[in-house]
Number of protein chains: 2
Amino acid sequence: MSAKRRSRLSQAAPIFAALGDETRLRLIARLSTDGPLSISRLTAGGRVTRQAVTKHLHVLAGAGLASSARSGRERVWELNERQIEAARECLDGISAQWDRALENLRKFVEE
Amino acid sequence: MSAKRRSRLSQAAPIFAALGDETRLRLIARLSTDGPLSISRLTAGGRVTRQAVTKHLHVLAGAGLASSARSGRERVWELNERQIEAARECLDGISAQWDRALENLRKFVEE
DNA sequence: AATTCATGCAACCTCCTGATTGCATATTAA
DNA sequence: TTAATATGCAATCAGGAGGTTGCATGAATT
């Protein structure tokens with residue numbers, strides 16, 4: 001398990017790190033409800049500058065959580081469903097590991 | 001939804017941020033399999049100093065993911081199951097929102 | 001062609017984070 | 001009590017993160 005789990009952990013960390021910012025979570029929430037959006041639309045109404053939004057989007061892209069494509073004079077961003085699923089599955093894994101540990105402890109006590 | 005979701009997001013961000021570090025994920029994995037452990041045990045075999053481990057543990061504690069208690073001359077750390085569940089549920093929420101958005105889009109196209 | 005709107009690029013700044021080292025304190029063991 | 005073990009506290013440091021501003025470029029509009 002060691003090698004496999006180790007690599008899974010090292011891949012999961014950047015994903016969680018990308019999710020660990022309120023502004024980025026808001027962008028994700030926005031993109032998940034309102035669909036693909038341009039940078040200016042994502043910026044409008046927000047509290048930070050367009051550049052800040054752009055940086056955050058690139059962080060999300062770096063973690064594989066979002067991707068973009070140019071369309072005319074704007075760049076449209078959308079979420080990457082698979083990677084979000086991957087993060088969820090990783091947390092499921094942690095929970096499962098936790099449950100397994102509890103179960104082992106229970107067995108040990110009962111024996 | 002706005003206010004409710006906004007607060008949920010602002011609470012979720014620190015949790016994800018705490019999970020967004022490989023060293024901390026390793027500590028979590030270790031604690032979830034080997035149960036409550038002292039700082040020196042968590043440090044032994046690792047790559048970073050005891051102080052670094054201590055700091056990481058405090059980050060986890062700050063996010064509510066772990067807690068500790070003094071036992072004799074050592075301090076024993078353990079995971080906080082509920083908070084990990086909370087994080088998982090938040091990701092579930094994001095996935096659900098995503099699914100809902102997709103479904104709405106589908107309906108819109110089909111109409 | 002001139003204007004306007006949407007981005008891209010780059011420099012800069014402040015604050016936080018991960019990590020270290022050195023020393024102090026508390027607790028157990030001899 | 002003395003030595004050894006386990007932890008706590010503080011100072012320090014390099015690098016990265018989040019954010020801003022200013023200017024350049026690319027594309028649509030008139």
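The sequence lines fix the lettering, A, B, ..., with proteins before strands; numbering per chain opens at 1.
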Inset, instruction - Could you tell me the separation between the NE2 atom of A:His58 and the P atom of D:dA17, rounded to a whole number of Å? - result: 14 Å
Inset, instruction - Before accepting this row, confirm whether a basic side-chain N of the pair A:Glu85/A:Arg88 lies closer than 4.0 Å to the acidic partner's carboxylate O. - result: yes
Inset, instruction - Determine whether more than 12 heavy atoms belonging to other residues, nucleotides or ligands lie under 6.0 Å from atom CZ of A:Arg70. - result: yes
Legend entry - Ring centre gap for B:His58 and B:Trp77 strictly below 6.0 Å: yes
Legend entry - Heavy-atom check, side chain of B:Arg26 versus side chain of B:Arg47, under 4.5 Å: yes
Inset, instruction - Determine whether A:Ile39 and A:Arg50 make a side-chain contact, defined as any pair of heavy atoms from C-beta on separated by less than 4.5 Å. - result: yes
Legend entry - Min side-chain heavy-atom separation B:Leu65-B:Ile15 under 4.5 Å: yes
Inset, instruction - Using the ring-ring contact (aromatic ring centres under 6.0 Å, His included) rule, collect all pairs that involve residues 22-42 of chain A, keeping only residues at least two apart or in two chains. - result: none
Short heteroatom pairs, N/O only, protein and nucleotides 17-19 of chain C, under 3.5 Å:
unit_1, atom_1, unit_2, atom_2, d
C:dG18, OP1, B:Arg24, NH1, 3.3
C:dG18, OP1, B:Arg24, NH2, 2.9
C:dG18, OP2, B:Arg24, NH1, 3.2
C:dA19, OP2, B:His56, NE2, 2.3
C:dA19, N7, B:Lys55, NZ, 3.0
C:dA19, N6, B:Lys55, NZ, 2.4

Legend entry - Sub-4.5 Å side-chain heavy-atom contact between A:Ser67 and A:Glu78: yes
Legend entry - Donor-acceptor pair present, B:Gln51 side chain and C:dG22 base, under 3.5 Å: yes
Legend entry - Nucleic acid footprint by protein, nucleotides 1-6 of chain D - heavy-atom cut-off 4.0 Å, B for base, S for sugar-phosphate alone: ---BBS
